[in-house]
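As the structure is a computational prediction, the values presented were derived from the model and not from experiment. When a ligand or atom number is given, it counts from 1 through the structure's own listing order.
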Amino acid sequence: MASLIMIFGATGDLAKRKLFPSLYRLFERGKLSERFAVIGVGRRTLSNDEFQKSVKESVSAALGEKQDIEQFVNHFYYQSHDVADSSSYAALRKLADEIDEHYQLDGNRIFYLAMAPEFFGPIALHLKSDGLTDVKGYKRLVIEKPFGHDLESAKELNKQIRTAFSEEEIYRIDHYLGKEMVRNIEVIRFANAIFEPLWNNRYISNIQVTSSESLGVEERGRYYESSGALRDMLQNHMLQMVALLAMEPPISLTTDEIRSEKVRVFRSLRTIKGEEVKNYFVRGQYDAGTINGNQVPKYRDEPMVDQESNTETFVAGKVMIDNFRWAGVPFYIRTGKRMETKSTKIVIQFKDIPMNLYYQPEKMLNPNLLVIHIQPEEGITLHLNAKHAGGHLDAQTVKLSFSNTGTNAMNTPEGYEKLLYDCMRGDATNFTHWDEVAYSWAFVDKISNVWANEKADFPNYASGTMGPEAADKLLEKDGFFWWPVA
Ligand code: BG6
């Protein structure tokens, strides 16, 4: 698996926080062969030594001091670069060819674009026109989000990168697909005789996916103002989780089969547009409040944010999948910043049993729930009803729990580590195909168009809460409520 990895944006935050530590972990586990090298590409002028020092620092900040760190960073090189200048690409090509020769990398190249999205298209075009993709081995493009701002811009971006790379060579990152428990969704569904037969509108009443964050927008005001929770989280991470929950069993576990089943879910999403948007979607923006005992400011007082901002920091929606399996089953999704806790959870609520023998007027029987804990805890909990020891024949909720972290804590690899490894092996299953991106933008654009044209009554939820009241009403009117995620 010899490969040369070029990281564009090597002095940036993502490279330091995620990519270098993840590469180190692969190295430590023996998953990188001796035949690997990294070229950090960035605007700044740095010597190889300075670059290696920053790689060392980011590894030790994330993972502590490591004995074999010198051996690891010896594989790192730095090239200062101007993304718009062909002579810069010529210099990069020369360095890449030398390193390729030195480490016998067979011409295998991964281009990782960890930088501002406006550069994605131009870089891809240059990589081709300046000969960097002219290799005898494989060439792969790894691209971070956001993949466009809407369907139109995503199409344009796709057109540009497709001139240099084929769809099979493009690895669009959705880092939620690197999370251990997101990957576990399909195993839980398709490897258990007790779930799959019930996984449909006959037995499931609704599904709830919550991804809450307690952090605010931090230093990302400029980006976030033009994005908002709908584009930042829902178009990608939230809809990807919905697709994994809703897809049909694939014929096999190959990339193409899984992706085509996911695409079918995206194709079945009920379009919500115009006047209907307010019946299906709720937006929110955080006000000041208290989180973990600390006072935090409102969104409009964050750096680089407009005092009159109409940008949503919270979104909740009811997504309907109009196909045979899911007709009538709402998928409620919500995500937001400055909420009560940092937590991602999926709750599958099963329908009530046909007749409740254990009914007591003051005590309803709780429905069966399957809770998939994505983060920070990782595991599953199944809520059942059973008689408590010694009691009467009345049913009470008992919980069967499996915790991934409990058994596996030290070994749970970071999402990025898995995604990088997948890319090196050429496994694109957990990356998003263009069709998924296109369908999800088409879905989201209809909502953002309506919101862009109507001024919202913001701020409408206090920091440290679970979002605006309207998000609760969204479920109440269907006779449901958000199951507590804590
Ligand atoms: C990113 C968003 O894609 O996901 C961020 O741009 C968000 O705004 C982050 O904070 C959440 O990821 P995680 O892994 O912390 O849940």
Identify, by atom number and element, the atoms of ligand 1 in contact range of [X], meaning under 4.0 Å from any of its heavy atoms.
X	value
Lys337	5 (C), 7 (C), 8 (O), 10 (O)
Met233	4 (O), 7 (C)
Lys145	1 (C), 2 (C), 3 (O), 6 (O)

### Query
Mind checking whether Tyr439 and Phe266 have ring centres under 6.0 Å apart?
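No, too far apart.
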### Message
Between Phe481 and Tyr332 (judged by ring centroids, cut-off 6.0 Å), do the two rings come close enough to count as a pair?
### Response
no
#### Entry: ligand 1 contacted by Tyr176 (non-hydrogen, < 4.0 Å)
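Under 4.0 Å: yes for Tyr176.
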### Query
Contact between Asp232 and ligand 1, counting heavy atoms under 4.0 Å?
yes
### Ion pair Arg283/Asp457, N-O distance below 4.0 Å
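No, no charged N to carboxylate O under 4.0 Å.
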### Message
We want to know whether Gln285 and Thr313 form a side-chain donor-acceptor pair, criterion being a heavy-atom distance below 3.5 angstrom.
### Response
no
### Message
Between Ser58 and Tyr24, do the side chains contain a donor N or O and an acceptor N or O under 3.5 Å apart?
### Response
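Result is no, nothing qualifies.
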Which residue owns the protein heavy atom closest to [atom], what's the atom, and how far is it?
atom	value
atom 3 (O) of ligand 1	His237 NE2, 2.7 Å
atom 13 (P) of ligand 1	Lys342 NZ, 3.4 Å
atom 4 (O) of ligand 1	His175 CE1, 3.3 Å
atom 10 (O) of ligand 1	Glu213 OE1, 2.6 Å
atom 14 (O) of ligand 1	Lys179 NZ, 2.6 Å

### Task
In sequence, state the C-alpha distance, the side-chain angles, and the governing distance for Phe120 and Phe8, and then conclude on ring pair (Phe, Tyr, Trp, His ring centres under 6.0 Å).
CA-CA 10 Å; Phe120 295 167; Phe8 289 75; over 10 Å; no
Extract all donor-acceptor atom pairs below 3.5 Å that involve side chains of residues 145-154 and protein atoms in other chains or at least two apart in sequence.
unit_1	atom_1	unit_2	atom_2	d
Lys145	NZ	Asp232	O	3.0
Lys145	NZ	Asp232	OD1	2.8
His149	ND1	Ser226	O	3.3
His149	NE2	Arg231	NH2	3.4
Asp150	OD1	Glu152	N	3.4
Asp150	OD1	Ser153	N	2.9
Asp150	OD1	Ser153	OG	2.7
Ser153	OG	His149	N	2.7
Ser153	OG	Asp150	N	3.0
Ser153	OG	Asp150	O	3.2

